[in-house]
Novice: 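A single structure is presented below for examination.
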Amino acid sequence: MFNNVGNYILGTGFNLAIALLIVRFIYYPRTRDKNYVLTFLSFNTVVYFVLGLLTSIELSIGVGFGLFALFSVLRYRADEIPIREMTYLFIVIALPVMNSALSSSGDIIKVIIANAVMVALLFILEKGWGFRFEVSKKITYENIDLITPNNRELLLNDLRKRTGLPIRFAQIGRIDFVKDTAEIKIYYEEPETYSQGR
């Protein structure tokens, strides 16, 4: 797929640098979760090596999409992975497919533009510029006198006071009159200090 060893090494280094940039400087500062760092970087590197060693562009792209299908199936057989981590996993698997296909065509400008746009998009989305992100959480609430529609504002104020979160909306779920509890799903804009400290 690559004409010489020099191009192969250069392509590998570029792909790994972009993956490191995304994982270390965009994903990790937001989540502070080390659990997926190894997965993201190892998947990215291995997929690039596999695709880089194939001799046909059509075959490598087919293998790339086959890997997506395989990981989609594994997703249902493994522990549940949060949607943010699944998105990053998809991106770090898609990057080597894209980079190896574009590198083999010799169009370096397209490789740089595609990677730059991907990194910039992730950076903007993680910073929340122009977007307002709400977080939801399920809680068990014992003061069921406040779950009636007439006491909606009292319920929200009580939840805000107890959780310390800027709750904007609460959705009543299952009510257990035996235990005098209700399941409530609260929606709030995640405070910056909370998200950075996780």
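Numbering of residues begins at 1 and proceeds along the displayed sequence. What you see below is based on every heavy atom in this structure, not just the backbone, and it leaves out hydrogens, waters and symmetry mates. It should be emphasised that the depicted structure is a prediction, and the values quoted were computed from it without experimental measurement.
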Novice: What distance separates Lys179 NZ from Glu142 CD, expressed to the nearest 0.5 Å?
Specialist: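 Nearest 0.5 Å value for the NZ-CD distance: 13.5 Å.
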Novice: Here's a test for you: under side-chain contact (heavy atoms from CB on, under 4.5 Å), which of Ile26, Ile22, Leu21 qualifies with Phe123?
Specialist: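 Among Ile26, Ile22, Leu21, the one meeting side-chain contact (heavy atoms from CB on, under 4.5 Å) with Phe123 is Ile26.
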Novice: Hey, are Asp145 and Asn151 close enough side-chain-wise for a donor-acceptor pair under 3.5 Å?
Specialist: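 No pair is found: no donor N or O on one side chain lies under 3.5 Å from an acceptor on the other.
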Novice: Once rounded to the nearest 0.5 Å, what's the spacing between atom CZ of Phe14 and atom CD1 of Ile108?
Specialist: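 Rounded to the nearest 0.5 Å, the CZ-CD1 separation comes out at 8.5 Å.
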Novice: Would you compute the distance between atom CG of Asn99 and atom CG of Asn115 and round it to the nearest 0.5 angstrom?
Specialist: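 If we round to the nearest 0.5 Å, Asn99:CG and Asn115:CG are 4.0 Å apart.
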Novice: Which distance, rounded to the nearest 0.5 Å, do you find between the CZ of Arg160 and the OH of Tyr188?
Specialist: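 So the gap between those two atoms works out to 14.0 Å.
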Novice: In Å and rounded to the nearest 0.5 Å, what is the CG to CG distance from Leu159 to Leu154?
Specialist: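 Between Leu159 CG and Leu154 CG, I get 11.0 Å after rounding to 0.5 Å.
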Novice: Filter on side-chain hydrogen bond (donor to acceptor under 3.5 Å, both in side chains), then keep only pairs touching residues 20-29, sequence neighbours left out; what's left?
Specialist: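 Sorted pair list: Tyr27-Glu85.
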Novice: What closest approach, in Å, do Asn44 and Val92 show between heavy atoms, and which atom pair accounts for it?
Specialist: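 Residues Asn44 and Val92, closest heavy atoms: ND2-O, 2.8 Å.
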Novice: Side chains of Val23 and Tyr88, heavy atoms from C-beta outward: is any pair under 4.5 Å?
Specialist: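 SC-SC contact between Val23 and Tyr88 ruled out.
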Novice: Using the rule that Ile, Leu, Val, Met, Phe, Trp and Tyr join whenever any side-chain heavy atoms are under 4.5 Å apart, tell me whether Ile124 and Ile113 fall into a single cluster.
Specialist: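 Per the 4.5 Å side-chain linkage, Ile124 and Ile113 are not co-clustered.
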Novice: What closest approach, in Å, do Asn143 and Tyr141 show between heavy atoms, and which atom pair accounts for it?
Specialist: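 Shortest heavy-atom contact: O-CE2, 3.0 Å.
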Novice: In this structure, would Leu10 and Ile112 fall into the same cluster of hydrophobic residues linked by side-chain contacts under 4.5 Å?
Specialist: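 In one cluster: no.
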Novice: Which residue pairs pass the ring pair (Phe, Tyr, Trp, His ring centres under 6.0 Å) test with at least one member in residues 152-182, sequence neighbours excluded?
Specialist: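 Residue pairs with at least one partner in residues 152-182: Phe169-Tyr187.
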Novice: Only one of Ile184, Leu155, Asn157, Leu156 clears side-chain contact (heavy atoms from CB on, under 4.5 Å) with Ile167; which?
Specialist: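 Passing option: Leu156.
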Novice: Identify the two heavy atoms, one from Glu189 and one from Pro166, that lie closest to each other, and give their separation to 0.1 Å.
Specialist: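 Scanning both residues, the minimum pair turns out to be O-CG, 3.4 Å.
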Novice: Starting at CD1 of Ile91, measure out to CG of Leu122 and round the result to the nearest 0.5 Å.
Specialist: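 Between atom CD1 of Ile91 and atom CG of Leu122 there are 4.0 Å.
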Novice: Quick one: does Leu20's side chain get under 4.5 Å of Leu41's, heavy atoms only?
Specialist: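 Yes - at least one pair of side-chain heavy atoms lies under 4.5 Å apart.
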Novice: Side-chain contact test, heavy atoms from C-beta onward, threshold under 4.5 Å: evaluate it for Leu89 versus Phe43 and give yes or no.
Specialist: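 With C-beta onward as the side chain, the pair touches.
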